[in-house]
Enquirer: 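The structure follows.
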Amino acid sequence: MSFSHRPLGRSGLNVAPLVLGGNVFGWTADRATSFAVLDAFVDGGFNLIDTADIYSTWGPGHVGGESETVIGDWLAQGGGRRERVLLATKVGKPMGPGSAPVEGARGLSRRWIRQAVEDSLRRLRTDHIDLYQSHDDATATPLEETLSAYAELIAEGKVRAIGASNYSAPRLAEALAVSARLGLPRYEALQPHYNLVERQVFEEALQPLCVAEGVGVINFFGLARGFLTGKYRSEADLGKSPRGAGVKAYLGERGMKVLAALDEVAAQQRATPAQVALAWQMAQPSITGPIASATSVAQLIELMAAAHLTLSAEQKAALDAASAWR
């Protein structure tokens, strides 16, 4: 079964139901592997690539911009690559040393946004960013200043639409109200932490707001740092990967119920737990597409198959019950 593209808020952008996370490019995926993954993603009919200017400042010797640079080099090969993809990147988190030479140019200030967008455009080797996102809420900067800076970029053709990452429901609502009151561009997409074991924060207040306001959602950690692949089922499994420590909190009773439900549905669908976990997210009314990263083409092919998986009402109900937070 084929999949349909979905509107990203009211931006006019249409997105395939799986978003490729670029956090691994130039970090755990080298240049050649990253190029192969990007080619396979586009060849699979998918189009939105999500990255950030800070990826991957945490790597040894990295200063940020590594992921954008790899993506830009991939695009520079030509072959219609830029026309086939939507580029999403982010601004607002601290870059490596020496990245803000202008006094006070940090966070979501106009001065930093103006500088950071030029840096991202140069690394991405493109003349526009399709979705430019505030990486974190920055309460020290008035929303009017941030949104006005984005309005300038949109008017100049450097940005097509804007989004917000890691915003609370009250702050997203406030930002939307400011946009409406002042006639400024609004956040058309939200990037929250959401998956089968992290439901409450999003579903309690953010989900109803996004549905009511027509804001698209591209959620991160769709596989809960790998927990929803079924790779980690006991503390003994945590050493399987550097990310293992991050899933320890999921090894309780609720986490085991979720894995059991994933196993059951996966067996019924002749699929993998990861595919079922992503398909469940794609079936949520508010989700435009979950973000997932891959460090090999084989891993990506497995994840892309989730977009072709249709869960029955009974299967969705079983996953809902196993992961219930209320």
Enquirer: Are V42 and L87 linked, directly or through other ILVMFWY residues, by side chains that come within less than 4.5 angstrom of each other?
Expert: yes

Enquirer: Evaluate D50 against Q191 for side chain to side chain contact (heavy atoms under 4.5 Å, CB included), listing each step before the verdict.
Expert: CA-CA 10 Å; D50 177 76; Q191 190 169 142; 3.2 Å; yes

Enquirer: Report yes or no: does D73 contribute a side-chain atom to a donor-acceptor pair with the main-chain N or O of V70 at less than 3.5 Å?
Expert: no

Enquirer: Let me check something: do L209 and V201 share a hydrophobic cluster, defined by ILVMFWY side-chain heavy atoms less than 4.5 Å apart, either directly or through other members?
Expert: no

Enquirer: Using every non-hydrogen atom in the two residues, find where M304 and A40 come nearest and quote the distance to one decimal.
Expert: CE-O, 3.7 Å

Enquirer: Under 3.5 Å, side chain of R199 to main-chain N/O of D320, donor-acceptor pair present?
Expert: yes

Enquirer: Who passes ring-ring contact (aromatic ring centres under 6.0 Å, His included) against Y194, sequence neighbours left out?
Expert: F202, W280

Enquirer: In sequence, state the C-alpha distance, the side-chain angles, and the governing distance for L131 and S11, and then conclude on side chain to side chain contact (heavy atoms under 4.5 Å, CB included).
Expert: CA-CA 9 Å; L131 179 66; S11 66; over 6 Å; no

Enquirer: Would you say I162 and L153 make side-chain contact, with heavy atoms under 4.5 Å?
Expert: no

Enquirer: Just checking Y232 against F227, ring centres under 6.0 Å apart?
Expert: no

Enquirer: Atom CD of residue position E253 - does it have more than 12 heavy atoms of other residues, nucleotides or ligands inside 6.0 Å?
Expert: no

Enquirer: Do K257 and S323 come within less than 4.5 Å of each other through their side chains, counting heavy atoms only?
Expert: no

Enquirer: Identify the heavy atoms of S293 and L303 that sit nearest to each other, and give their distance.
Expert: O-CD1, 3.7 Å

Enquirer: Is a donor on one side and an acceptor on the other found under 3.5 Å between the side chain of E66 and the backbone of G64?
Expert: yes

Enquirer: Can you tell me which residue among I49, T33, V297, L75 is in a side-chain contact (heavy atoms from CB on, under 4.5 Å) with L38?
Expert: I49

Enquirer: Can you find a pair of side-chain heavy atoms, one from Y250 and one from L196, that are under 4.5 Å apart?
Expert: no

Enquirer: Can you pull out every salt bridge (Lys or Arg N to Asp or Glu O under 4.0 Å) where at least one residue sits in residues 138-150? Sequence neighbours excluded, please.
Expert: E144-R181

Enquirer: If Ile, Leu, Val, Met, Phe, Trp and Tyr residues are connected whenever their side-chain heavy atoms lie under 4.5 Å apart, and connections chain through other members, are I54 and F220 in the same group?
Expert: no

Enquirer: Test L143 against R171 for side chain to side chain contact (heavy atoms under 4.5 Å, CB included), laying out the working first.
Expert: CA-CA 9 Å; L143 287 165; R171 282 289 285 177; 3.8 Å; yes

Enquirer: Indicate yes or no for a side-chain donor-acceptor contact from E302 to the backbone of T272 under 3.5 Å, with no hydrogens or angles considered.
Expert: no

Enquirer: Please examine the side chains of N166 and D137, heavy atoms only from C-beta on, and report whether any two atoms are closer than 4.5 Å.
Expert: no

Enquirer: So do the side chains of K158 and Y132 get within less than 4.5 Å of each other, counting heavy atoms only?
Expert: no

Enquirer: Can Q284 and E203 be said to form a side chain to side chain donor-acceptor pair (under 3.5 Å), step by step?
Expert: CA-CA 10 Å; Q284 301 305 307; E203 291 183 5; over 6 Å; no

Enquirer: Would you call E198 and R225 a salt bridge, taking side-chain N to carboxylate O under 4.0 Å as the test?
Expert: no

Enquirer: Are the side chains of R82 and R125 in contact, using a 4.5 Å heavy-atom criterion?
Expert: no

Enquirer: Going from CD on Q133 to CG on L190, what distance comes out if it is rounded to the nearest 0.5 angstrom?
Expert: 9.5 Å

Enquirer: Specify the closest pair of heavy atoms between E213 and R10, including all atoms of both residues, with the distance to one decimal.
Expert: O-NH2, 3.1 Å

Enquirer: Looking at K240, I'd like to know if its NZ atom is crowded, meaning that more than 12 non-hydrogen atoms belonging to other residues, nucleotides or ligands lie closer than 6.0 Å.
Expert: yes

Enquirer: Would you compute the distance between atom CG of D130 and atom CG of L8 and round it to the nearest 0.5 angstrom?
Expert: 10.0 Å

Enquirer: Strictly distance-based, threshold 3.5 Å: is any side-chain N or O of E118 a donor or acceptor partner for the main-chain N or O of Q115?
Expert: no

Enquirer: Closest approach of G22 and S67, non-hydrogen atoms and distance?
Expert: O-OG, 2.6 Å

Enquirer: To the nearest 0.5 angstrom, please state how far the NE2 atom of H128 sits from the CD1 atom of I154.
Expert: 12.5 Å

Enquirer: Using a distance-only test with no angle check, is there a side-chain donor-acceptor pair under 3.5 angstrom linking S120 and E68?
Expert: yes

Enquirer: Between D39 and R81, is a salt bridge (Lys or Arg N to Asp or Glu O under 4.0 Å) present by the stated rule, with each step listed?
Expert: CA-CA 9 Å; D39 281 334; R81 284 174 172 83; 3.2 Å; yes

Enquirer: Hey, are D136 and K90 close enough for a salt bridge, meaning a charged N less than 4.0 Å from a carboxylate O?
Expert: no

Enquirer: Evaluate side chain to side chain contact (heavy atoms under 4.5 Å, CB included) for Q275 paired with Q269, printing each intermediate quantity in order.
Expert: CA-CA 10 Å; Q275 290 166 349; Q269 288 275 0; over 6 Å; no

Enquirer: Is the backbone N or O of N14 less than 3.5 Å from a side-chain atom of N47, with the two atoms forming a donor-acceptor pair by type?
Expert: yes

Enquirer: What distance separates M256 CE from D263 CG, expressed to the nearest 0.5 Å?
Expert: 10.0 Å

Enquirer: Determine, for D43 against R84, whether the closest basic-nitrogen to carboxylate-oxygen distance falls under 4.0 angstrom.
Expert: yes

Enquirer: Nearest 0.5 Å, what's the CG-NE2 distance between L206 and H193?
Expert: 13.0 Å

Enquirer: Using every non-hydrogen atom in the two residues, find where G26 and S56 come nearest and quote the distance to one decimal.
Expert: O-OG, 4.3 Å

Enquirer: With a 4.5 Å cut-off on side-chain heavy atoms, are N195 and L223 touching?
Expert: no

Enquirer: Is L18 reachable from F25 through a run of I, L, V, M, F, W or Y residues, each pair having side-chain heavy atoms under 4.5 Å apart?
Expert: yes

Enquirer: Treat each ILVMFWY residue as a node, draw an edge where side-chain heavy atoms are under 4.5 Å apart, and state whether V217 and V197 are in one component.
Expert: yes

Enquirer: Taking atom types as modelled and ignoring hydrogens, do the side chains of S134 and Y150 form a donor-acceptor contact shorter than 3.5 angstrom?
Expert: yes

Enquirer: Enter the distance from D119:CG to L124:CG here, rounded to the nearest 0.5 Å.
Expert: 11.0 Å

Enquirer: Where the side chain of R160 meets the backbone of G12, is there a donor-acceptor pair that is under 3.5 Å apart?
Expert: no

Enquirer: Identify the two heavy atoms, one from L108 and one from G92, that lie closest to each other, and give their separation to 0.1 Å.
Expert: CD2-CA, 4.0 Å

Enquirer: Would you say T57 and P94 make side-chain contact, with heavy atoms under 4.5 Å?
Expert: no

Enquirer: Given S286 and Q207, is the side chain to side chain donor-acceptor pair (under 3.5 Å) satisfied, shown in steps?
Expert: CA-CA 6 Å; S286 58; Q207 186 177 53; 3.0 Å; yes

